[in-house]
Amino acid sequence: MMRVAILGLGSVGRGVASMLAKKGLGITITGIADSKSGACDPAGLDVAAVLEKKAKTGLCGDPAVTARAVVEGGEYDVLVEVTPTDVKTAEPALTHIRTALSMGKHVVTSNKGPMALHFRDLTALAEEHGVQLRYEATVCGAIPIIQTLQHGLAGNTVHAIYGVMNGTCNYILTRMADEGLTYEQALAEARELGYAEADPTFDVKGIDAALKLVILANTVWNNGVTLKDVECTGIDLLTAEALTLAGRQNCTIRLIGEVVPEKGLLRVSPRILPKKHPLVVRDTLNAVTVVTDMAGAITEVGKGAGSVETASAVIGDLLFIKNCHVTGH
Amino acid sequence: MKIEVKDAPGQLVAALKPISDVGGNIMAVIHEWDPTLRPKTRIVQVVLDIPEERLDGLIAALKAAGVTILRLGEERLLLKRSVIMIGHLMHTDLSDTVSQIDRTGYAEVVEMHLTMPGIAQRSSALFTISATNRAHMDEAMKVLRAVAKKKDLLLVEPLEEVA
Ligand SMILES: NC(=O)c1ccc[n+]([C@@H]2O[C@H](COP(=O)([O-])OP(=O)(O)OC[C@H]3O[C@@H](n4cnc5c(N)ncnc54)[C@H](OP(=O)(O)O)[C@@H]3O)[C@@H](O)[C@H]2O)c1
């Protein structure tokens, strides 16, 4: 048995907890915390009871137990950090991840903040302590792009990465092209369906895609780029007419993240693509193309968000650690 | 490249035959009428796609066929790229935007579709730009980006992937 402590019991945390309980993967949850409470049991928590309590009361455990206490208590092999993204400070996730790594614990996170803002020092810290820091869920949800880059394409020289990395923008652009909606109409629809936040800035201005691009660039080239190195243009100024004009050329518009180190390119911007282009995916889907010397171009397409979809990426990381790095128990 | 042929029936065909013989792909044939030319001679610009290593063979074959090659260079490539610009296109002097590209000498706006939904609303336009080669196209894009930035227009470019 491998023991995990989970920080955050929102959409992703609940997906991870319920799938771990359901699928019998040899992983026990020994600690859990949300923003106001926490619970620990070295023998393994009753996940169903915790989830039910959370649904009923909004608390997953005892208000006297903090996330910090769960992290520092150390009754786990892997810390699963799935709390909200903070693009300015990356806190409190950053401190929790640093603490766990320094204690010699592996970390799996879905949180873009710490990985995009502090990639190099966190990976260095993990290495120093001989533990794994994995973050598959931070980029393109269920798509195993980090595994692809680190393992599947090992030995390749990566020339470029292009991708549709934000499902909210992709949904809006799909609807504008299909129905001739204005940006405002398509955004309102995305909100109604729960695809866009009340404050959509983070998505529509391309910041979310830029964070993912930074994580991908660091994964491949370890080049230390951060958010401020990304040239970023969002989709909020696009017009219905622009999509019609593109459509008449058998093309459409997508928000594309693009990193080509040989050309010094690190950019998120709306781009014109032929409708048949592999990156032209529909609705909230994500897609990413990697261009390498040996493999040529490889494109992966899949769901970029969702509770269980994101849990798939987190659990993949956990099993990678379990199979390759945790012995005994 | 530009080639010169005599204005006699069958001459053009004779001039083009060596191109297909060496596996070249003729993309466009443009006739130029130049009154200053010798009578019975005309200039034909041939845009073709041919592997670099076969070019010397082609030149020899054309010469043998009595065709004069006037100019040969990178300019044999005609590239087109469409971009979309969004913003207050009219208020920011659309004709100046276009002429900034045309003025480069190596690229020009060959097509434009403009939609204006209403007064004071942002308009959208699709520009098709033609340039003689890739480097010139990239330069034209740089010019356009600078113009867009200065005039506060949103420029939507096509995705150009590395091979
Ligand atoms: N949702 C997706 O599909 C998706 C996909 C990829 C990546 N991500 C990333 O995954 C992370 C989690 O996303 P989510 O959608 O699950 O968010 P969410 O639904 O908002 O849930 C966040 C959870 O974190 C808890 N939390 C907040 N501050 C905390 C703190 N200081 N200490 C401990 N717990 C704290 C919240 O507690 P309360 O319950 O008490 O409020 C909540 O349970 C984010 O970084 C997000 O960007 C999400």
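Numbered from 1 within each chain, the chains take letters A, B, ... in sequence-line order.
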Going by atom types only, do B:His113 and A:Gln249 share a side-chain donor-acceptor pair under 3.5 Å?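 No, no side-chain donor-acceptor contact under 3.5 Å.
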Is [X] in contact with chain B via its backbone, its side chain, both, or neither, using a 4.5 Å heavy-atom distance?
X        : answer
A:Leu237 : both
A:Thr244 : neither
A:Ala246 : both

About how many Å separate CD of B:Glu157 and CD1 of A:Ile253, when rounded to the nearest 0.5 Å? 12.0 Å
Quick one: pull up NE2 in A:His159 and CD in B:Glu161 and give me the separation to the nearest 0.5 Å.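 Rounded to the nearest 0.5 Å, the NE2-CD separation comes to 13.5 Å.
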For [X], I'd like to know if atom [atom1] has over 12 heavy atoms of other residues, nucleotides or ligands within 6.0 Å.
X        : atom1 : result
A:Asp293 : CG    : yes
A:Glu197 : CD    : no
A:Lys275 : NZ    : yes

Choice from A:His277, A:Lys263, A:Glu262 maximising heavy atom contacts with chain B below 4.5 Å: A:His277
Would you mind telling me which of A:Leu238, A:Ile256, A:Leu245 has the largest number of heavy-atom pairs within less than 4.5 Å of chain B?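 Max contact count across the listed options: A:Leu245.
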Under 4.5 Å from any heavy atom of chain A - which part of [X]:
X        : answer
B:Leu126 : both
B:Leu159 : both
B:Ser82  : both

Restricting to non-hydrogen atoms, name the atom on A:Ala242 and the atom on B:Ser124 that form the minimum distance, rounded to 0.1 Å.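 So the minimum-distance heavy-atom pair works out to N-OG, 3.8 Å.
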Yes or no on side-chain contact (heavy atoms from CB on, under 4.5 Å) for A:Thr239 and B:Arg122, after CA distance, side-chain angles and deciding distance? CA-CA 8 Å; A:Thr239 54; B:Arg122 288 174 304 130; 4.0 Å; yes
Check the pair B:Ile84, A:Ile272 against side-chain contact (heavy atoms from CB on, under 4.5 Å), reporting the backbone distance first and the verdict last. CA-CA 8 Å; B:Ile84 291 174; A:Ile272 303 170; 3.8 Å; yes
